[in-house]
Each structure stands twice: as structure tokens, then as C-alpha cells.
Amino acid sequence: MNYRFQNLLGAPYRGGNVLITQNTQLISPVGNRVSIIDLIKSQTITLPLQSSSNIRRIAASPDGTFLLTVDENHRCHFINIPRRVILHRINFKNTVNALKFSPDGKFIAVAAGKLVQIWRSPGFKKEFFAFELVRTIADCEDTVTAIDWSLDCKYLLVGSKDLAARLFCVEKLKDGILNKPFLFLGHRDNVVGCFFGYDKKNTDRVNKVYTITRDCYIFSWGYNGNNAGNFDENDEGNSDPASPGTPERDGEGSVNVVSLGNVKKRKDFDGKDLGEEGYLHKEKWERLRKDGFVQSPAKLTACDYHRGLDMVVVGFSNGVFGLYQMPDFVCMHLLSISREKITAAVFNDSGNWLVFGCAKLGQLLVWEWRSESYVLKQQGHYFDVNCLTYSPDSQLLATGADDNKVKVWTVSSGFCFVTFSEHTNAVTALHFMANNHCLLSASLDGTFVSLAADQSGEVICAGTLDSFEIFVWSMKTGRLLDILSGHGGPVHGLIFSPTNAVLASSSWDKTVRLWDVFEGKGAVETFPHTHDVLTVVYRPDGRQLACSTLDGQIHFWDPIDGLLMYTIDGRRDIAGGRLMTDPSTSVCMMFADQVLLRRFQITHNLSLDGVLDFLNSKKMTDAGPLDLIDDVDSDTEEGVDKQTRAKLGFAAATTEGVLVYSIDDSFIFDPTDLDIDVTPEAVEEALDEDQPNKALILSLRLNEDSLIKKCIFSVSPLDIPAVASSVPYKYLQRLIEAFSDLLESCPHLEFILRWCQELCKAHGNSIQQNSRESSSRI
């Protein structure tokens with residue numbers, strides 16, 4: 001049995017920019033992972049891919065197929081979103097502050113430090129080095145902060161911290177003409193965003209430029225069309241100082257002069273007038289107006305422009321956002337949505353939804369500005385998650401954290417649908433009742449650190465942090481029934497036996513005690529240990545008790561005879577990082593006979609402590625290794641806090657959020673009709689001999705999902721009717737299950753539908769007679 005990463009809950013947004021592709025797919029970076037939210041289906045998925053550190057910037061291709069991510073270590077991943085795989089990798093030399101695909105998807109503009117690099121976009125074809133550097137622009141004097149493409153992909157608008165925006169021509173100009181950018185000057189602070197504006201009548205024609213600065217101003221620029229595309233003589237690379245009335249000479253000494261009234265104009269070598277073809281960066285742009293957002297002393301932190309609506313949305317450091325109609329700068333909305341600064345603001349393709357992100361609070365909001373209503377409103381825990389628990393039916397997951405809140409998540413969709421904020425201190429324990437309609441929580445506001453309920457749901461027990469006692473209440477009346485004393489330290493673990501009314505408790509006094517709660521006899525049995533006991537659990541049949549201690553040992557006890565059965569040393573298995581003090585970054589699955597079955601590393605994020613196994617000698621400083629210098633004012637410890645298991649998977653509460661793992665069905669070996677001749681090699685041999693019918697039957701008998709799908713695609717469309725009619729009925733259910741899975745993920749829809757049609761023709765009567773068994777798959 002194997003488990004694979006399924007989803008990340010509790011952290012919808014952690015910083016960086018957000019995107020909306022295909023008008024409804026919201027893409028946001030979460031630490032070193034990427035989450036995709038379907039705003040129509042209200043579902044969220046986290047790609048099973050990780051960067052080496054926190055992701056700073058993301059960009060998506062115009063069709064939403066490819067995704068580009070760049071992390072804090074300047075490492076870039078080129079991802080195929082539908083397939084959820086990394087196609088290519090590249091490392092940039094400088095910090096990337098902005099990147100964007102061209103409107104035709106052929107190029108990628110990357111703002112790396114002071115440079116703007118234009119790369120040819122990779123595709124599906126496998127290449128040794130798929131990225132091709134087309135051009136490097138090094139005209140900026142400081143870090144580049146914003147870039148924007150024109151619709152014809154000929155021009156690039158670049159804003160930087162040198163208080164200027166520049167208009168570049170991406171194409172190579174004619175020989176002898178310098179490709180100097182036009183500078184938009186007059187800003188008094190960093191340029192946060194710069195955008196092309198388009199003519200409303202001719203939507204492909206650029207007629208204005210907007211630049212937005214950090215000091216809450218927006219500049220509108222336009223150009224004088226009377227001087228469209230004319231070049232000064234000084235634009236030529238080898239031009240002499242201007243001499244009025246003196247004819248120009250070409251390289252061979254011959255004079256090329258064209259008379260236009262009293263104006264003399266240079267002709268190119270083909271005799272064509274250069275002024276007939278206009279270039280935007282050669283126009284005479286002028287500032288039309290300067291408008292202020294009037295949010296001082298707040299700073300402008302995020303902005304976006306929708307060319308179809310000619311509207312600008314801006315976010316400020318005080319949590320306020322504004323929506324303005326351009327070019328008249330009419331304020332449509334001005335609302336406060338957060339207490340912290342807005343780090344992301346973006347339109348969707350149609351312009352009716354606005355997306356806002358607040359990194360510090362973990363907020364992600366989608367707002368419909370016409371109806372003034374929320375489409376999505378999600379917020380993760382502000383501090384680390386301490387505890388979590390599944391509901392009995394495994395459909396809900398409850399989490400408690402240091403931010404005094406309890407959140408309940410739907411596992412299938414990944415959304416939080418209710419938040420309880422009644423606690424005034426950190427939440428330490430959670431427990432779902434057996435009826436699935438009641439959730440219990442313990443918090444430090446009552447100094448409780450552990451919680452348990454018996455199988456009937458009539459008795460509730462909670463362990464304390466300071467008085468070292470266990471309180472027993474009646475669930476129906478809420479009356480305190482008993483107080484169990486005997487521990488000499490905080491009671492950090494409580495659990496009822498699944499077969500009787502015996503309560504097991506673990507404490508920092510290095511003991512595990514068994515209590516007969518209903519008889520009121522006090523401690524029935526005491527199991528001593530050499531270190532503080534952190535947690536205790538019962539085996540499902542109640543015949544074994546397992547507890548973990550501070551030294552990394554797992555002790556197994558017989559609760560009936562009170563004997564220690566055996567011990568597992570898990571220190572080295574769960575150790576994280578290169579130091580003994582580093583927190584654990586792994587979840588280990590072990591057999592009871594002291595064998596490590598599987599080790600899951602929850603993250604590869606080098607931005608967290610405990611992940612780095614080796615130090616890089618290049619990062620040695622006078623103060624020691626750069627990676628070990630604590631330059632963040634925080635006492636937060638990273639790692640795994642708690643994990644809980646569901647029927648078909650498990651979840652782990654970590655610094656990154658709640659990681660949900662599910663059973664990987666493709667790795668389950670469950671043959672239906674196994675024989676000595678039924679092997680994967682036999683399936684491959686049948687395929688090589690062009691016997692798709694035999695290969696499909698063997699794969700169905702072997703019940704290997706990957707082989708079944710491979711055999712399905714090996715059948716030619718002309719042979720589908722014959723192969724479909726030869727499938728025995730006992731394998732039909734498994735084949736239908738494979739097709740139901742392919743219909744959700746396979747792009748070859750017509751081929752799969754042809755298979756389904758032929759199966760219905762050949763086995764329609766059998767399917768109809770046994771419709772109850774196959775209804776879920778159909």
C-alpha cells in the first residue's frame with residue numbers, strides 16, 4: 001500500500017502574485033507549492049510539485065496550458081498544468097521580480113535584477129535545453145519591478161526602481177538605427193505597474209500608457225500622432241553632428257537626398273523612407289494627466305489593468321483597494337478588506353471578478369464588483385496548526401491553531417466552510433463525536449491540552465497543563481462528574497479504549513496511566529518510561545497500546561497484562577536537517593515488527609529550517625554559514641506538529657499547512673485472476689506481437705491500472721468493436737472503471753467515447769441487468 005500527496009489545506013495564499021487563467025482558474029503560490037482553485041466548481045487542488053524554496057513569481061501562458069514558477073533561489077520550473085508535470089528547468093542569475101508571457105505565447109519576458117531577458121517559450125517537444133535567450137535589455141539603472149507586452153508582441157513596457165518607465169521595441173530595427181527606448185519620467189517613487197492602453201475603436205492600436213507608482217499616483221501618457229514614426233538624424237548609429245542644409249552621404253560617398261519642401265530627409269539603402277513605418281518608442285509621448293489615489297501615508301503595493309474595460313484596480317498597504325475607470329480617473333469602488341497590506345490584485349479575463357491576496361494573513365478573496373459580492377473568501381490559519389482530526393466519515397477535517405481559531409474543511413473540495421473564533425488562546429486538541437454532528441475543542445484559555453470522548457459519546461475527558469488533572473464531564477448535562485488526579489506533569493495525551501471504558505493518559509511525568517472512568521476506581525495501571533511521554537494511542541482492537549516519548553522512542557504495551565512488548569527507535573528515521581536540534585520534516589510509516597515501511601518527506605522547501613542536509617561552502621561568511629544565521633524575528637519552529645489518519649489516507653499538520661495524503665491506487669497490487677503466466681512481461685509480449693485482445697485480457701487479470709490503460713490505447717480504432725465484444729463479463733466492471741477515470745483526465749475524448757459505445761453495443765444487456773453494481777462507475 002502506498003500513499004501519494006493529494007492536497008494542501010489551511011494555506012490558500014502565502015505571498016507572490018496570483019493569476020486567473022481561462023477566466024475561472026485561480027492560481028496562487030503557497031510556500032513552495034502551487035494551488036489551483038476552480039471558481040465555478042468550488043474545488044481546490046495543489047500540484048504535486050515542489051520548488052526548492054518559496055515561490056516568488058508565477059506566469060501562465062495565454063491558453064492556460066503552461067505555468068512558469070520562479071522561487072527565492074532563482075530556480076524556474078516550466079510546468080504543464082493539465083499533466084501536472086515539470087517539463088523544463090532553468091536557473092536565473094538574479095532575483096526575478098516580474099515575468100510575463102507574450103500574448104501569442106511564443107516569448108517570455110523575465111525581469112531579473114536590472115536586466116530584462118526575453119526567452120523563447122519552450123513547448124511540448126523534449127529538448128536538451130529548451131530555453132533560448134532571444135535578447136537581453138540592460139538599459140535600466142535599478143531593479144526592474146513591472147513589465148507589460150503589447151498585443152502585437154512588438155513592444156515591451158518596463159518599470160523599475162529608478163523612477164522611470166521605458167518603452168522598448170522587441171523587434172530588431174533596420175541597420176543603422178539605434179533601438180533606444182523612450183523614457184517616461186517624472187515619477188517620485190518606484191514604478192509598481194505599467195500598462196499599455198488601447199484605442200476603443202481599434203482595440204489592437206496602442207494610444208496611451210499608464211504608469212502607477214508606489215507613492216499612490218497614476219500617470220496617463222499619450223503621443224502626438226502628427227509625428228508618427230519619424231526618426232531624427234541623430235538616431236543613426238554613425239551619424240555626424242547635425243549640419244542644416246548639408247546633404248547626407250552613404251557609406252560609399254554618394255549623396256542620397258530627398259526633397260520634401262524645405263525639409264531634407266535621409267533615405268535607407270533600399271530607397272524607402274524610414275518615416276513611413278512608425279515605431280511607438282520613436283513617438284513623442286507626453287503626459288496627459290497625473291492623478292493621486294489620496295491614501296497617504298499608505299503605499300501602493302499591487303495593481304492591475306484591464307484593457308477591455310479600461311479600468312485599473314489598486315491595493316494599498318493599509319488593506320484598502322480601489323477600482324477606477326480610466327482615462328477620466330473615476331472612482332468606482334473604494335473599500336477596506338483587510339488589516340494588512342494587499343500583496344496581490346488582479347482582474348480575470350472578462351473583468352467582472354477581482355482577486356486580492358494578503359500574504360501576512362493568508363487571505364485570498366475574489367470579489368464581483370458589479371454585484372458587490374464575494375465569489376471566494378478563504379483564509380488560512382495565521383499561526384501554526386497545532387491539532388487536527390477527521391470526522392468519522394472522513395469527509396470533514398477540523399484544524400486548530402495558535403491563532404485561537406478552529407476551522408472545518410471539506411476534504412473533497414479543499415475549502416473551509418466554517419470558522420470558530422470563540423477561543424481566546426491557542427487551540428490544543430480537537431475531537432469529532434461519533435454522530436458526526438458535534439466537534440469538541442480544547443484550548444489554553446482553559447489550560448486544557450488534551451481531549452477524548454468515549455464510544456457512546458456520553459463522557460468527555462480533558463487533560464490540563466498546570467494542575468496535572470483529568471476532568472470528566474457529562475456530554476448531555478455538561479456537569480462535572482469527576483476529577484482524576486495522579487499525574488505529576490501536564491497531561492498531553494488522552495484516548496479511550498475502543499473495546500471498553502478504560503481511559504489511557506500520557507503525561508510529561510514519564511508515565512502512562514489507565515483509568516476506569518465509570519467505576520471511579522482511579523488509576524488501574526501505570527506504565528513507567530525514562531522520558532516524557534508525548535502521546536498515546538490504542539490499536540483498533542484494543543489489545544495493544546502505543547506511546548511516544550521525548551527521546552524518539554515508540555513503546556508498545558499490553559494493556560491487559562501491563563507488559564512492555566517491544567520498542568521502536570524512531571529518532572534517526574524522523575530526524576530532519578543536519579543538526580540534532582532541527583525539527584522533523586518527515587512522516588514515517590512502520591510495521592509493528594520494527595521495520596520502516598515508508599518515509600514521507602513533507603516538504604523540500606529550503607526556506608524552512610530542518611530541510612537542508614548539507615551546507616554550501618559558497619555561502620560561508622564571517623558570522624558562520626549564511627543558512628544558519630537567524631535574521632528573522634520569530635520563534636516559530638517548523639516541522640510536523642501532529643498527524644491523523646483517515647480510512648483512505650492521512651493528514652499531517654505542518655508549518656506549510658495541512659498536508660493530505662491519499663492511497664495511490666496505481667500502486668495497489670490486487671490481481672483478480674492471477675496465474676503463473678499472467679505477468680507484465682506477458683502483456684508486453686502480447687503487445688509486441690500485435691495481439692491487443694490478449695494483452696487487454698492479461699492486464700485485466702493482473703489488475704494493473706497503468707497496463708490496462710496502455711492496452712486500451714494500443715487498440716486501433718478499427719479493432720475496437722472486435723476487442724470490446726471479446727472482453728469477458730467478469731472483467732467488464734474493471735474496464736468500465738478504467739474508462740471512467742480516463743474520461744476525467746484523458747484528452748482523447750473521441751477515442752474513449754468510441755470504446756464506450758462499442759462496449760454498450762456488445763454488453764448492453766449485461767450492464768442493464770446488473771445496473772446496481774456498475775451504476776457508480778457508469
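Hydrogens, waters and symmetry mates are skipped; everything else that's a heavy atom, side chains included, is used.
No donor-acceptor distance shorter than 3.5 angstrom exists from the side chain of D71 to the backbone of N54, with no hydrogens or angles considered. Looking at S443, its side chain does come within 3.5 Å of a backbone N or O of A426 through a donor-acceptor pair. Proximity of a side-chain donor or acceptor of N404 to a complementary backbone N or O of V427 within less than 3.5 Å is not detected. With hydrogens and angles disregarded, no donor-acceptor distance shorter than 3.5 Å links the side chain of K407 to the backbone of A401. No donor-acceptor distance shorter than 3.5 angstrom exists from the side chain of D402 to the backbone of F383, with no hydrogens or angles considered. For D304 (side chain) and F347 (main-chain N/O), a donor-acceptor pair under 3.5 Å exists by modelled atom type. Of the possible donor and acceptor atoms, none in the side chain of T535 sits under 3.5 Å from a partner among the backbone N and O of G493. Between the side chain of T24 and the main chain of D38, no donor-acceptor pair closer than 3.5 Å is present. A donor-acceptor pair under 3.5 Å is absent between the side-chain atoms of N32 and the main chain of S53, judged by distance alone. At least one donor-acceptor pair closer than 3.5 Å links the side chain of N17 to the backbone N or O of I58.
Using the six-membered ring where Trp is involved, W473 and F448 have ring planes that are perpendicular, over 60° apart on the 30 and 60° scheme. H333 and W367 have perpendicular rings, their planes meeting at more than 60° on a 0 to 90° scale where under 30° would count as parallel. Using cut-offs of 30° and 60° for the angle between ring planes, the F739 and W755 rings count as tilted.
Residues forming a salt bridge (charged side-chain N to carboxylate O under 4.0 Å, His left out) with K360 (at least two apart in sequence, or on another chain): E340. For D63, the side chain to side chain contact (heavy atoms under 4.5 Å, CB included) partners are S61, T65, not counting sequence neighbours. For S441, the side-chain hydrogen bond (donor to acceptor under 3.5 Å, both in side chains) test picks out H423, with sequence neighbours left out.
Under the 4.5 Å side-chain criterion, counting only non-hydrogen atoms from C-beta, L364 is not in contact with F356. Inter-residue side-chain proximity for L39 and Q25 is flagged as unmet; no heavy-atom pair is nearer than 4.5 Å. Taking 4.5 Å as the limit, some side-chain heavy atom of M475 sits within range of a side-chain heavy atom of C438. Using a 4.5 Å heavy-atom cutoff, the side chains of T21 and I27 are in contact. Counting heavy atoms from C-beta on, the side chains of S51 and H77 come closer than 4.5 Å. Between C416 and V408 there is no side-chain heavy-atom pair separated by less than 4.5 Å. Contact check for L8 versus L659: side-chain heavy atoms found under the 4.5 Å cut-off. Contact of the H431 side chain with the L439 side chain is not registered, since no non-hydrogen atoms from C-beta on lie closer than 4.5 Å.
Under 4.0 Å is where a charged nitrogen must lie from a carboxylate oxygen, and between K405 and D403 no such pair does.
Closest heavy-atom contact between E758 and A724: CB-CB, 4.0 Å. Of all heavy-atom pairs between V18 and A344, the closest is CG2-CB, 3.8 Å. For A302 against A345, the heavy-atom pair with the smallest separation is CB-N, 3.7 Å. Between L696 and I708, the shortest heavy-atom contact is CD1-O, 4.3 Å. S394 approaches V411 most closely through the heavy-atom pair O-CG2, 3.9 Å. Of all non-hydrogen atoms in L354 and F321, the two that sit nearest each other are CD1-CE1, 4.1 Å.
At a cut-off of 3.5 Å, with distance as the only test, no side-chain donor of T428 or N386 sits close to an acceptor on the other residue. The closest side-chain donor-acceptor pair between S740 and E737, if any, does not fall under 3.5 angstrom.
Here the CG-CZ distance, from L49 to R84, works out to 9.5 Å after rounding to the nearest 0.5 Å. With rounding to the nearest 0.5 angstrom, the CD1 atom of I337 is 9.5 Å from the NZ atom of K377. Atoms CZ and SG, on R56 and C76 in that order, are 13.5 Å from each other to the nearest 0.5 Å. Here I81 contributes atom CD1 and L67 contributes atom CG; the two are 4.5 Å apart, rounded to the nearest 0.5 Å. With rounding to the nearest 0.5 angstrom, the CG atom of L361 is 12.0 Å from the NZ atom of K341. With rounding to the nearest 0.5 Å, the separation of CG in L753 from CG in L743 is 6.0 Å.
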Run the salt bridge (charged side-chain N to carboxylate O under 4.0 Å, His left out) test on K710 and D705 for me, step by step, so that the C-alpha distance in whole Å, both residues' side-chain angles and the decisive distance to 0.1 Å come before the verdict. CA-CA 9 Å; K710 182 177 181 180; D705 188 68; over 6 Å; no
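Checked against the 6.0 Å centroid threshold, F78 and F66 count as a close aromatic pair.
At least one test fails for R543 against the ring of Y538: distance under 6.0 Å to the centre or angle within 45° of the axis.
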